[in-house]
2 protein chains.
Amino acid sequence: MTSHDTSLSAVGTAAQTVTSGPISPAHHRGYVAGSREDLRVPVRTVHLTNGETVRLYDTSGPYTDPAFEVDVRRGLPALREAWIDERGDTERYDGRIADLTPAGLAVPGAGVRPRRAAGSEAVTQLGYARRGLITPEMEFVAVREGLTPEMVRDEIAAGRAVLPANINHPEIEPMAIGKNFLVKVNANIGNSAVTSSIEEETDKLVWAIRWGADTVMDLSTGKDIHTTREWIVRNSPVPIGTVPLYQALEKVNGKPEELTWELYRDTVIEQCEQGVDYMTVHAGVLLRYVPLTARRKTGIVSRGGSIMAAWCLAHHQENFLYTRFAELTEILRAYDVTYSLGDGLRPGSIADANDAAQFAELETLGELGRISRSMDVQVMIEGPGHVPMHKIKENVDLQQRICDEAPFYTLGPLTTDVAPGYDHITSAIGAAMIGMWGTAMLCYVTPKEHLGLPDRDDVKAGVIAYRIAAHAADLAKGHPGAQAWDDALSDARFEFRWQDQFDLAMDPDTARAYHDATLPAEPAKTAHFCSMCGPKFCSMRISHDIRAEHGDGVAVVAVEAEAEAGMRAKSAEFAAAGNRVYLPLAD
Amino acid sequence: MTSHDTSLSAVGTAAQTVTSGPISPAHHRGYVAGSREDLRVPVRTVHLTNGETVRLYDTSGPYTDPAFEVDVRRGLPALREAWIDERGDTERYDGRIADLTPAGLAVPGAGVRPRRAAGSEAVTQLGYARRGLITPEMEFVAVREGLTPEMVRDEIAAGRAVLPANINHPEIEPMAIGKNFLVKVNANIGNSAVTSSIEEETDKLVWAIRWGADTVMDLSTGKDIHTTREWIVRNSPVPIGTVPLYQALEKVNGKPEELTWELYRDTVIEQCEQGVDYMTVHAGVLLRYVPLTARRKTGIVSRGGSIMAAWCLAHHQENFLYTRFAELTEILRAYDVTYSLGDGLRPGSIADANDAAQFAELETLGELGRISRSMDVQVMIEGPGHVPMHKIKENVDLQQRICDEAPFYTLGPLTTDVAPGYDHITSAIGAAMIGMWGTAMLCYVTPKEHLGLPDRDDVKAGVIAYRIAAHAADLAKGHPGAQAWDDALSDARFEFRWQDQFDLAMDPDTARAYHDATLPAEPAKTAHFCSMCGPKFCSMRISHDIRAEHGDGVAVVAVEAEAEAGMRAKSAEFAAAGNRVYLPLAD
């Protein structure tokens, strides 16, 4: 791992360093050509020691490309700029004025005038899909996932998938979220009033996608929310999500009752202009649902949910996000921002799972999803939370039925409450299962959940745990191509190609370090045994060839049901060959 | 955590230290009285700051009891000695002579003559259960799990549960393994030729049970196997399992073809005399099944399986563990050693899951299980391995049908091959699911799986991941009492009782450390917000009382469907109360 130091000493107050370069020397970030020259789809190619290559989906952006010069002050190249321009349906205008440099930092996007829809037709991927267009974004996704562009368009048109891509975030490498695509992983980052800085958050973004985050949510709640977000959006090749309510609440000094629709609306527009790709909106927390939480063990645990519940009770009026939903949808439509309809009443404990409050809100989210799609605005639905294993499937089944198969985006769920410090594991269990049953994106949980704000190590631990869950779900769903990765690693394992095992591992650094901790010597990496059992006991060595070379290249033993005499002959033959279970491989 | 130094300087070559004392000051190891004075069932009582107590199942042995003086040179007290004596069906005799001190270490059990059955009746818990006896061991289990002694006896008599308790291991605190009991976790330890020592392994035993291992398998393959095992058995309050084949192979210098029944038999008797409670026996690896593995991606990955396959091929004879199975069963019967019928042909990769080789062997394990039970010898069946999520349930369903509901004991399964370094997570996913569907015991996998031998940290990581899986399964199965733990922790969470959250956590040390990393100040532990969101944004704070005190003590909001006027009145009322979503709690 190399570190690319892009010090800000000339323009700012702090050094800005993000991790760049390939994870492993055998990893090569390549690009697959699409139908046009500016459509280059990233792929991670792993070069194995036996001459084979394995292609893996790559979320890391150009940061892992040694040919790319990282400059976080400048931000990433605007890959989609030409595509958006060509469509000719947007206009530039003077956006909201925000004080971009409260922290004394230069801001990458300063001076760029935002775009919005110019005419009455939707500039959303859903709108294009319904009008029969295959956008470059859709083709990008098709190449990336090994699907046809038509299939991508159909899934988006049907509302079964979303392609979050704000027209003001031209830097992204398009991706799709839907049950007929690879299961995706979201990582949350964001500073809070208590801890962390803009520099740390930008680094966490790059770090999170390095390990496989497909989208990143900036949940900053502290000072400099706007500036932090600007740094993140301009440097992000993955869609960025936010909860605009957090920033709105900052503007009223944390007093929910002082929130107004107008203030919220302006905050949303500010974020639309900045390039946020999807927004969590807690429009399903209705006044009449709040009492349903009163007998709960852990009440309302969603921040957004509790803020809106507070507002509803303070005013004894219906949630303005619900009453103004059509108006809000008009705004998102003008920028192609995707809804992530928040489950503000999700359960926060095993005891509260699948209760009346949760499912009442789900019905409302279904209703709002239909409104959103009727206006050509893309929408996904958020889900729990804390759910014991036997109640997980009901969550997906209900959501799919009530919400017309809109992509489900769940937080975990955690399958027990009793392991704080290990909630990446308690929830990876639930995430893998809910993914298998049709959830499209899994919001990660880090080991610090319930305890503190995640640091770099926690972000990595969370992303890896969730990549495991997502890939396990892809295997269980039989996603075409998913198992090729497992097969390649298992082949390397059986053939004692240690370097290839490390390079094919989800986290090569850790796999290599753990191996070296027991057997640090270089020859051990090619030894025909592993450190667990020692040379004499290695099952793979002992079992290495029950195989006699066969015509079709596959080694097969011709034992079957032989007569007593044949058995003795075989015994002699085996002894003559040196008493080795598997003959030496031909190569 | 305190460390009790029991230096061996006077008698041996190395310092011997094991971790002792309560995990947390709020944890108290207590004992629940049974029907007789010497039947004291351990329980971990957690004292909460609100005066309540929570009782947790405790596997840690007397090591966490401050009143117990640890002396690993002496070993643990022989709790069951009187119970075994009273039954009057065993005799002491001169056992096998083994060189117990090759490492220059004193051995705790030296000089004790082993027991064996004296008459023709089985001295096994299965035998007693079938004869209608409720042994003190069964009552111990009943008290421990909150079940009736009759139910425990019935489950054992039916072969649906085992109570591994060698008459030469009187130190154990009895426990049961069966689908109608709490899901259990096994931790593997053991030195190898490459690394680790006797001292390390004894420490790992105590460390593994401290974090919740219900049984421990000693898989030592290096030098001093006998002595290492003696230390482990004498200091273990949990059943100890082994794979006798490993030691037998050491005796023939690692050459499978030189193994003989006689040599194997003597090794088994040596281990029976020492007190091993259950033994993995790879009797299902039949000669005719070996070719079924030839086209596999990863061949045979079980060490025992590959050793027996090598023997079968070398001699072109049937596996002697199969042909001599009745004779072997007679031996285990004389000591009440439980079979763990090994799945020597388990899949070692996603590609090989649920294949012909695996299920052919399972049929044979079913047949062997019936022979075993017909001789009153307890038996459980081992299972995979590497299995994608959608193929997991078939494993349990087939095993339960083919093996007459004998307890299933699985390794993971790992749900993907691509994350070496994180296989405690890839497999905790599979373990939780297979546990939910009826697997009785989960063999842990550590982060070092496939890479190296686990150290102390790895043992803890593996045990915790598997305790999570087991508890998640208990919740999903609706085990009576399982959810009380989650409820207690969630109550503490909602009421901002941070100390109680730590004390109720599966790993209080880590939960506390993670919290302190973000908010180290002591007042933060009582603060009504947490470090993730900061004071303004905490959903639990904001949402803390939608509750108005109600007659039955449960807080309920009377919002419902009110008229416009009523809404305004409520609004004023809310403002007058300080605009707080939840009123202050009465206490």
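Since we're looking at a predicted model, the values are computed, not measured. Chain letters run A, B, ... following the sequence lines, proteins first, then strands; residues in each count from 1.
Asp486(B) contributes a side-chain N or O that, together with a main-chain N or O of Asp417(A), makes up a donor-acceptor pair within less than 3.5 Å.
A search for side-chain hydrogen bond (donor to acceptor under 3.5 Å, both in side chains) contacts involving Asp455(A) returns nothing, not counting sequence neighbours.
Within the 4.5 Å cutoff, the side chain of Tyr466(B) has no heavy atoms near those of the Ile425(A) side chain.
His450(A) contributes atom NE2, which lies 8.0 Å from atom CD of Gln501(B) (distance to the nearest 0.5 angstrom). The distance from the CE atom of Met389(A) to the CE atom of Met433(B) is 8.0 Å, given to the nearest 0.5 Å. Here the straight-line distance linking atom OG of Ser349(B) with atom CG of Leu489(A) works out to 10.0 Å at 0.5 Å rounding. Of the inter-residue distances, the one linking Asp423(A) atom CG with Tyr514(B) atom OH reads 11.0 Å to the nearest 0.5 angstrom. How far OH of Tyr422(A) is from CG of Asp507(B): 3.5 Å, rounded to the nearest 0.5 Å. Between Gln483(B) atom CD and Thr416(A) atom OG1 the span is 9.0 Å, to the nearest 0.5 Å.
When heavy atoms are compared at a cutoff of 4.5 Å, Ala473(A) approaches chain B by way of both its backbone and its side chain. Contacts of Ile464(A) with chain B are made by side-chain atoms alone, with heavy-atom separations under 4.5 Å and no backbone atom involved. Neither the backbone nor the side chain of Pro508(A) comes within contact range of chain B, judged by heavy atoms closer than 4.5 Å.
For the set Thr426(B), Asp352(B), Asp487(B), the count of heavy-atom pairs under 4.5 angstrom toward chain A peaks at Asp487(B). Contact count versus chain B (heavy atoms, under 4.5 Å) is highest, among Ala461(A), Ala511(A), Pro388(A), for Ala511(A). Of the listed residues (Ala465(B), Gly421(B), Gly478(B), Ala476(B)), the one with the most heavy-atom contacts under 4.5 Å to chain A is Ala476(B). Taking Gly305(B), Ala469(B), Ala351(B) one by one and counting their heavy-atom pairs under 4.5 Å with chain A, the maximum is reached by Ala351(B). Ranked by heavy-atom pairs under 4.5 Å with chain A, the list Asp474(B), Ile468(B), Leu504(B) is led by Ile468(B). By number of non-hydrogen pairs under 4.5 angstrom with chain B, the leading residue of Ala472(A), Ala488(A), Ala505(A), Pro420(A) is Pro420(A).
A pairwise comparison of heavy atoms in His471(B) and Val418(A) identifies CD2-CG2, 3.7 Å as the closest pair.
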Would you check, one step at a time, whether the test side chain to side chain contact (heavy atoms under 4.5 Å, CB included) holds for Ile350(B) with Leu475(A)? CA-CA 9 Å; Ile350(B) 291 298; Leu475(A) 287 174; 4.1 Å; yes
